[in-house]
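What follows is a single structure, written as structure tokens, with notes after it.
Only heavy atoms go into these numbers, but all of them, side chains included; no hydrogens, no water, no symmetry mates. By convention in this document, chain letters (A, B, ...) are assigned in the order of the sequence lines, proteins followed by strands, and residues within each chain are numbered from 1.
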2 protein chains.
Amino acid sequence: MDAAEFRSLWDGLTPIGLSQQGGYLRYSWSEADQACRNWFRAQADRRDMEIETDKNGNLYAWWGPRHERNAVLTGSHFDSVPHGGAYDGPLGIASAFLAIDVLREAGAKPRRPIGVVAFTEEEGGRFGVPCVGSRLMTGALDPDRARGLTDADGITLAEAMDATAADPTILGADPERLDGIGAFVELHIEQGRALDGADAPVGVASAIWPHGRWRFTFTGEANHAGTTLLADRCDPMLTAAFMVLAARKEARIVGGLATVGRVESDPGAANVIPGTVRAWLDARAPDQADLDQILEGVQSKVNERAERDRTQVSVTAESETPLVDFDGGLRDRLAALLGSAPVLPTGAGHDAAILAAHVPTAMLFVRNRTGVSHAPGERADDEDCAAGVDALAAVLRELAC
Amino acid sequence: MDAAEFRSLWDGLTPIGLSQQGGYLRYSWSEADQACRNWFRAQADRRDMEIETDKNGNLYAWWGPRHERNAVLTGSHFDSVPHGGAYDGPLGIASAFLAIDVLREAGAKPRRPIGVVAFTEEEGGRFGVPCVGSRLMTGALDPDRARGLTDADGITLAEAMDATAADPTILGADPERLDGIGAFVELHIEQGRALDGADAPVGVASAIWPHGRWRFTFTGEANHAGTTLLADRCDPMLTAAFMVLAARKEARIVGGLATVGRVESDPGAANVIPGTVRAWLDARAPDQADLDQILEGVQSKVNERAERDRTQVSVTAESETPLVDFDGGLRDRLAALLGSAPVLPTGAGHDAAILAAHVPTAMLFVRNRTGVSHAPGERADDEDCAAGVDALAAVLRELAC
């Protein structure tokens, strides 16, 4: 596939959900999401593929024999983080349709059904929980909990589905559908710069690092910023600031990652010492022991500091995801097929990580020269995207034709 | 005055604007503010005092000869910070009415007019700018700027006044009224614990520390928290956290105060390295040189750190208030009158600081045993409040009778 062919399809998707403040707002069950789904249906129609929506709102287009058994599924998600990039998610769906074009032009015929899938609410950008569509399908997310999830405006997932004429009452585990999937391959833009360093347009995922999100609540005593002596203060902002710096240090020691992207204070006035500060720690590491070491190191240092600040600290795990090792046989087969493509781990969660517990699963990464991700500056070269399509076509031919 | 008499009046004011989340929400031009104004009018009526509202929404009740010249004004403000205490402001107004009762019971007759005043929007809790009523009166705040100030819901001060049938078109400097004021005395709950240490129920203010508010904007590069290597990051949260800790150190060195009560990040998601972090520094010190040293120390250390973090820092002064020295003659006269009451500085701004540039001005402080201020736990003993009323009565008799 050449870069222009990729660009020609891609240009149909890039206007949808573009924010005037930069990046994309493609929240699940929003108008932008509906426009993406319409684009999906048009692509499927154009290729005479059968369109289907499962009970959890995930969207499919099918090529080849009836798709009850042993299907090869490929795709990703449309939804974005707030002001995210164009590629994270949609590239995997667009590449799937283009890979089918490549196979058809080469005269390939599927002996296993090939499905293109768009999973719903992968980022958790609207309802706070990532991989809602794939977790519901595998039974990892309770349907009542899913229905009750609320967005920033207090709208529940059930209400948001209702508003688009989707049926939220039938959400839940879908073991028959899961049984019918023989393999899942997700193509995704790389979210770092390892492929750039390796000078390769496409790589294969080895594993997803164990990772989690912890909410730190620092409690002190709200008081007047202009009159309370330093010695009389119990200022939780100090302990929170210390945590931000301590987390960075602990992550560096083990070669992991630590990020504090969100901080809130109460009452949050510039002239009041806060009574409470909340800060969210996102930490990831190559293995579970390293991740535990980061968290334990941060907690022990923060507890010491809290004594000096006369504040209290409590820590709540909002999510914890263990190491995901992708199917070793599939991974090595694909890497060999793609001419010894680099095999690399990632710190990011994906629907592929959810399916990997049930189905042989692999991921392909497309080079991201700047490594920018979850931000408007996310980019992949058209040439690299076209190379990704060719790689995905080769993988689908290997597995399904 | 005994404590029970104080309590009896005070209990009429404490239910107004009490928040279910703790503390008071008494924003200017709100329903709670109207209720406070109604309480004020009832108190004035009960004492046969003439009620008046000036062009800037400040409310007066007058006792004694016609009040054109050489009046002794006393009072404070009704409005609160979000979830502030009961005493900050209203204590000065309630004590003024009670001090007049004390004088009348003792048969005193004013030779100068005595006015009780409630200034509007002292805290800046609704429209962000403190001392709006007194600044407008003295010409320190442009009326067009005041009218355009907006609250958290986007309602302008002009619209908020309109909604209560107050006239925002006549806001502005009021030199005639200012000329008529011969002295201003503001009684206020102490916002620290100095009187507790000195074992005195009432003190006299010497000065208000120079102070200011600076908005620090830290700019880096938004990116994926799960995939961006530490070495590739430009994470402004690190620089912001460093600023919080550096400010505390610099303030300690000079014996001043530094507080970061509010931090915001963009995009503010737990799994995204922020592109921008804003943090507000409130700093105060005994003199201008000390305050300058805090700010310069913080800026120079933060700039060094920003280089390491590969972030940019910009600093905007949102407000800067120079040292206010209260009238020395008046201060010494009152301290002697009150039996060598402690004379102490404060780090907090007040309407008294605005008037001090134009009129001989003094402040009385009432003991606050815990020092809690701008928070629900703010308290003064009824006995101390009654002692404050007696002190204020003595001051008014000395100045006006």
**Request:** Find the one option among B/Asp88, B/Asp282, B/Asp235, B/Asn223 whose heavy-atom pairs under 4.5 Å with chain A are most numerous.
**Result:** B/Asn223

**Message:** If we define contacts as heavy-atom pairs under 4.5 Å, which of B/Ala222, B/Pro274, B/Ala270, B/Ala283 has the most with chain A?
**Reply:** B/Ala270

**Message:** Given the ring of A/Trp280, does A/Arg262 sit roughly above its face, with NZ or CZ under 6.0 Å from the centre of the six-membered ring and within 45° of the axis?
**Reply:** yes

**Request:** May I ask you to test the A/Asp351-A/Cys131 pair for a side-chain heavy-atom distance under 4.5 Å?
**Result:** yes

**Request:** May I ask you to name which of A/Gly84, A/Pro82, A/Gly268 has the most heavy-atom pairs under 4.5 Å with chain B?
**Result:** A/Gly268

**Prompt:** Is the closest side-chain donor-acceptor distance between B/Glu378 and A/His224 under 3.5 Å?
**Reply:** no

**Complete:** The interface call for A/Arg193 against chain B, heavy-atom contacts under 4.5 Å, is side chain

**Prompt:** Looking at A/Gly192, A/Gly347, A/Ala269, A/Gly261, which one has more heavy-atom pairs under 4.5 Å with chain B than the rest?
**Reply:** A/Gly261

**Item:** Interface residue of largest heavy-atom contact number with chain B, from A/Ala194, A/Ala225, A/Pro376, under 4.5 Å
**Value:** A/Ala225

**Message:** Given A/Phe216, which partner from the list A/Val260, A/Leu281, A/Thr316 fulfils the side-chain contact (heavy atoms from CB on, under 4.5 Å) test?
**Reply:** A/Leu281

**Request:** Please state whether the side chain, the backbone, both or neither of B/Glu221 comes within less than 4.5 Å of a heavy atom of chain A.
**Result:** side chain

**Member of B/His188, B/His211, B/His77 meeting the ring pair (Phe, Tyr, Trp, His ring centres under 6.0 Å) criterion with B/His350** = B/His188

**Request:** Name the region of B/Ala348, side chain, backbone, both or neither, that has any atom closer than 4.5 Å to a heavy atom of chain A.
**Result:** both

**Message:** Can you tell me which of B/Pro130, B/Ser373, B/Gly125 forms the most heavy-atom pairs within a distance under 4.5 Å of chain A?
**Reply:** B/Ser373

**Asked** Would you say the side chain of A/Glu123 lies within less than 4.5 Å of the side chain of A/Tyr27, judging by non-hydrogen atoms?
**Response** no

**Request:** Spell out, as yes or no, whether a donor-acceptor pair under 3.5 Å connects the side chain of A/Ser80 to the backbone of A/Arg26.
**Result:** yes

**Message:** Between B/Leu238, B/Val277, B/Val272, B/Leu230, who has the most heavy-atom pairs with chain A when the cutoff is under 4.5 Å?
**Reply:** B/Leu230

**Asked** Side chain of A/Gln191, backbone of B/Thr227: donor and acceptor closer than 3.5 Å?
**Response** no

**Prompt:** Do you know which of A/Thr346, A/Val372, A/Val244, A/Leu257 has the most heavy-atom pairs with chain B at a distance under 4.5 angstrom?
**Reply:** A/Leu257

**Message:** I want to check something: taking the side chain as every heavy atom from C-beta on, are A/Val313 and A/Thr217 in contact at a cut-off of under 4.5 Å?
**Reply:** no

**Asked** Is B/Asp79 paired with B/Arg126 through a side-chain N to carboxylate O contact shorter than 4.0 Å?
**Response** no

**Item:** Contact origin within A/Arg213 toward chain B - heavy atom pairs under 4.5 Å
**Value:** side chain

**Fill in**
Most heavy-atom pairs under 4.5 Å with chain A, out of B/Met237, B/His83, B/Glu318, belong to B/Met237

**Asked** Sub-3.5 Å donor-acceptor pair from the side chain of A/Asp290 to the main-chain atoms of A/Ala285, do we have one?
**Response** no

**Prompt:** What part of B/Arg233 gets closer than 4.5 Å to chain A, counting heavy atoms only: side chain, backbone, both or neither?
**Reply:** side chain

**Side chain / backbone / both / neither for B/Arg284 at chain A, heavy atoms under 4.5 Å** = side chain

**Request:** For chain A, find which of B/Asp266, B/Leu245, B/Val263 contributes the most heavy-atom pairs closer than 4.5 angstrom.
**Result:** B/Leu245

**Asked** Given a strict heavy-atom distance threshold of 4.5 Å, which part of B/Ala251 is in contact with chain A: side chain, backbone, both, or neither?
**Response** both

